[in-house]
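Following: one structure in structure tokens, then a few remarks.
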Amino acid sequence: MTSTNTAADTAAAVGAVIAALETLTGMRPSMPLGAETPRWWPWDARGGAVDLSPGRVEVRVIAAALPLPPLLEETIAALRAALTGTAWSGARLRVVVTELDAAAFATTPASGEGVT
């Protein structure tokens with residue numbers, strides 16, 4: 001990453017990361033203000049789950065499905081694709097699962113088994 005990145009470049013990359021997370025089932029951005037951005041908030045609070053710095057991208061997420069390893073692999077692939085063509089395409093990617101949603105422990109329809 002070079003110092004020539006603008007605020008627009010950063011906003012576009014954050015938007016691409018959020019859009020990539022929206023395509024996944026069982027993963028969503030970890031938001032500091034709760035489940036939804038308040039209507040009065042002047043920007044999309046989901047962007048607070050993404051930190052971009054020279055050579056590093058950190059994305060904080062909430063998992064709503066198990067098992068985590070394949071879900072994380074899918075998440076990483078989606079995020080890498082979203083960052084292609086940006087200044088962060090070659091950056092170290094760190095995905096941090098900040099919490100597990102209760103939905104992750106629901107009974108699975110196929111087996112009828114659940115986690116408690």
Side-chain angles (χ1 to χ4, degrees):
M1 184 173 123
T2 64
S3 60
T4 60
N5 294 315
T6 65
D9 295 333
T10 301
V14 169
V17 166
I18 297 303
L21 289 174
E22 288 177 341
T23 68
L24 301 170
T25 300
M27 198 68 81
R28 68 178 186 269
S30 179
M31 295 180 15
L33 296 176
E36 294 183 27
T37 302
R39 279 182 277 168
W40 54 267
W41 201 257
W43 58 82
D44 187 349
R46 296 176 303 168
V50 181
D51 287 334
L52 302 174
S53 59
R56 183 175 170 178
V57 175
E58 181 173 301
V59 183
R60 290 169 298 284
V61 296
I62 297 171
L66 293 173
L68 281 177
L71 183 57
L72 287 170
E73 288 176 15
E74 182 182 4
T75 301
I76 289 167
L79 295 176
R80 280 276 169 228
L83 292 168
T84 299
T86 72
W88 297 273
S89 61
R92 180 172 179 237
L93 178 59
R94 182 174 184 217
V95 177
V96 179
V97 178
T98 61
E99 62 184 282
L100 287 173
D101 189 295
F105 300 102
T107 302
T108 57
S111 67
E113 297 178 0
V115 180
T116 56

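For the numbers below, each heavy atom of this structure counts, side chains included, while hydrogens, waters and symmetry mates do not.
- Here R60 contributes atom CZ and R94 contributes atom CZ; the two are 9.0 Å apart, rounded to the nearest 0.5 Å.
- Note that CG of L24 and OG1 of T75 are 4.5 Å apart. Values are rounded to the nearest 0.5 Å.
- Contact check for W88 versus T10: side-chain heavy atoms found under the 4.5 Å cut-off.
- The CG atom of L52 lies 9.0 Å from the CG atom of N5; values are rounded to the nearest 0.5 Å.
- The heavy-atom pair separating S89 from R80 by the smallest distance is O-NH1, 3.3 Å.
- Side-chain contact check for L79 versus L21: some heavy-atom pair is nearer than 4.5 Å.
- Contact check for T86 versus D9: no side-chain heavy atoms found under the 4.5 Å cut-off.
- Shortest non-hydrogen contact noted between A49 and S30 is CB-O, 3.3 Å.
- The shortest non-hydrogen separation linking A91 to G55 is CB-C, 3.5 Å.
- Salt bridge D51/R56: absent, no basic N to carboxylate O contact under 4.0 Å.
- By the rule that hydrophobic residues join a cluster once side-chain heavy atoms approach within less than 4.5 Å of another member, I76 and V61 end up as members of one cluster.
- Under the 4.5 Å side-chain criterion, counting only non-hydrogen atoms from C-beta, P29 is in contact with I18.
- Residues V95 and M27 are not in side-chain contact: their nearest non-hydrogen atoms beyond the backbone lie 4.5 Å or more apart.
- In terms of heavy atoms, L71 sits closest to T25 at CD1-O, 3.5 Å.
- Between A82 and A20 the shortest heavy-atom distance is CB-CB, 3.7 Å.
- Transitive grouping of hydrophobic side chains (ILVMFWY, heavy atoms separated by less than 4.5 Å) brings L68 and F105 into a common cluster.
- Remark: the backbone N or O of R46 is not paired with any side-chain donor or acceptor of R28 at under 3.5 angstrom.
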